Amino acid sequence: MKTYIVGNWKLNFTVGEASIYLHKLLKTLPNYRDLEVVVAPSALALQPLSLQIDRHKMKLAAQNGFYRDTGAYTGEISFAQLRGMVDYALVGHSERRYVLHEDDKMIAKKVAAAIRNRITPILCIGEIESERAFGETADVIRDQLLGGLSEVSDDELSKVIIAYEPVWAISSAKSAKLATPDEIREVVDLIRKTLLDTYGAKAAEGVPVLFGGSVSAANAGAYLTVPGVNGLLIGSSSLILSEFCDIIEIAKRVRE
Ligand code: PEP
């Protein structure tokens with residue numbers, strides 16, 4: 001299975017800044033077939049960046065998309081409109097769950113809409129700090145995972161990527177803490193077992209599971225060697241080109 005290094009730029013960079021970053025990244029990026037490097041710029045930058053990108057080297061992701069293809073949905077951008085422009089899309093990121101109040105039902109429709117439009121959804125799931133403190137992590141993870149996948153058939157499961165992002169470890173959290181490899185392993189094992197029990201071994205085995213939460217060049221190596229982790233979803237560290245390149249280099253070395 002490939003190793004995924006996904007940068008989530010969130011609401012950062014003008015279109016011009018995004019283009020300059022991409023230009024520099026493309027120049028330094030190694031051509032390594034087992035590594036899938038992806039960046040998720042703001043929606044505004046997707047069109048120009050899709051014309052600039054070398055898809056043999058890396059891919060683009062949308063940070064979001066709407067579940068209906070067309071219609072009276074002011075302000076939305078559909079996966080149908082994103083089709084052909086991006087290969088991946090984040091769905092259910094914690095900032096959309098908690099700041100923009102997206103629930104599992106809406107997230108499930110978005111996952112289905114992405115697949116329908118040949119875009120691989122990266123379904124983000126993760127518990128908040130109080131849920132972990134009250135011993136509710138396993139229930140939250142199972143609910144978000146199966147809730148988000150509720151419109152995905154057995155055959156379609158291979159078109160999905162899961163990202164485990166404990167919300168308390170995301171750098172924007174007030175008192176973000178680093179997740180330990182053991183904490184990550186426990187949840188990744190649970191994700192894999194839940195997929196296996198629900199979809200069967202054949203379908204579940206091929207699903208990449210990424211980790212995200214304050215990933216930096218200092219901890220990427222440790223996180224990438226957690227058994228069952230197939231890549232990283234990186235927020236703030238992906239905004240610094242040199243750090244993102246260092247993480248890519250670490251991923252390359254871990255795979256060799
Ligand atoms: C994220 O929000 O997806 C994320 C992982 O952010 P950070 O790396 O900044 O914690």
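In listed order, ligands and their atoms are each counted from 1. Just so it is clear, the structure is predicted and the values come from calculations on it, not from any experiment.
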Practice task
Determine whether Ile191 and Ile141 make a side-chain contact, defined as any pair of heavy atoms from C-beta on separated by less than 4.5 Å.
Solution key: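 Ile191 reaches Ile141 side chain to side chain.
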Exercise for the section: Would you indicate whether the side-chain heavy atoms of Tyr98 and Ile128 approach each other to under 4.5 Å? Expected result: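 Result yes, sub-4.5 Å side-chain heavy-atom pair found.
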Practice task
Please confirm whether Ser237 comes under 4.0 Å of ligand 1, counting heavy atoms of the residue only.
Solution key: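 No heavy atom of Ser237 comes that close to ligand 1.
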How far is [atom] from the closest protein heavy atom, and which atom is that?
atom: atom 8 (O) of ligand 1; result: Gly235 N, 2.8 Å
atom: atom 5 (C) of ligand 1; result: Glu165 OE2, 2.9 Å
atom: atom 7 (P) of ligand 1; result: Ser171 OG, 3.5 Å
atom: atom 1 (C) of ligand 1; result: His93 NE2, 3.2 Å

Report, in ascending order of atom number, the atoms of ligand 1 lying under 4.0 Å from any heavy atom of [X].
X: Ser236; answer: 7 (P), 8 (O), 9 (O)
X: Asn8; answer: 3 (O)
X: Glu95; answer: 2 (O)

Practice task
Answer yes if the ring centres of Tyr21 and Phe13 are under 6.0 angstrom apart, and no otherwise.
Solution key: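 So the answer is yes for these two rings.
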Completion exercise
Rounded to the nearest 0.5 angstrom, the CD1-CG distance for Ile248 and Leu241 is 8.0 Å
Practice task
Could you say whether the N/O atoms of Lys10 and ligand 1 ever approach to under 3.5 Å?
Solution key: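 For ligand 1, there is an N or O atom that lies under 3.5 Å from one belonging to Lys10.
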Handout entry: Heteroatom distance test (Ile234, ligand 1): nitrogen or oxygen, under 3.5 angstrom
Key = no
Could you list the donor-acceptor pairs under 3.5 angstrom formed by side chains in residues 45-54, with sequence neighbours left out?
from	atom 1	to	atom 2	distance (Å)
Ser50	OG	Leu46	O	3.4
Ser50	OG	Gln47	O	2.7
Gln52	OE1	Ser19	OG	2.9
Gln52	NE2	Ser19	O	2.9
Asp54	OD1	His56	N	2.9

Practice task
Return the orientation label for the Tyr88 and Tyr4 ring planes: parallel under 30°, perpendicular over 60°, tilted otherwise.
Solution key: perpendicular
Problem - Contacts of Thr198 that satisfy side chain to side chain donor-acceptor pair (under 3.5 Å) - sequence neighbours left out - result: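 Side chain to side chain donor-acceptor pair (under 3.5 Å) list for Thr198, sorted by chain: empty.
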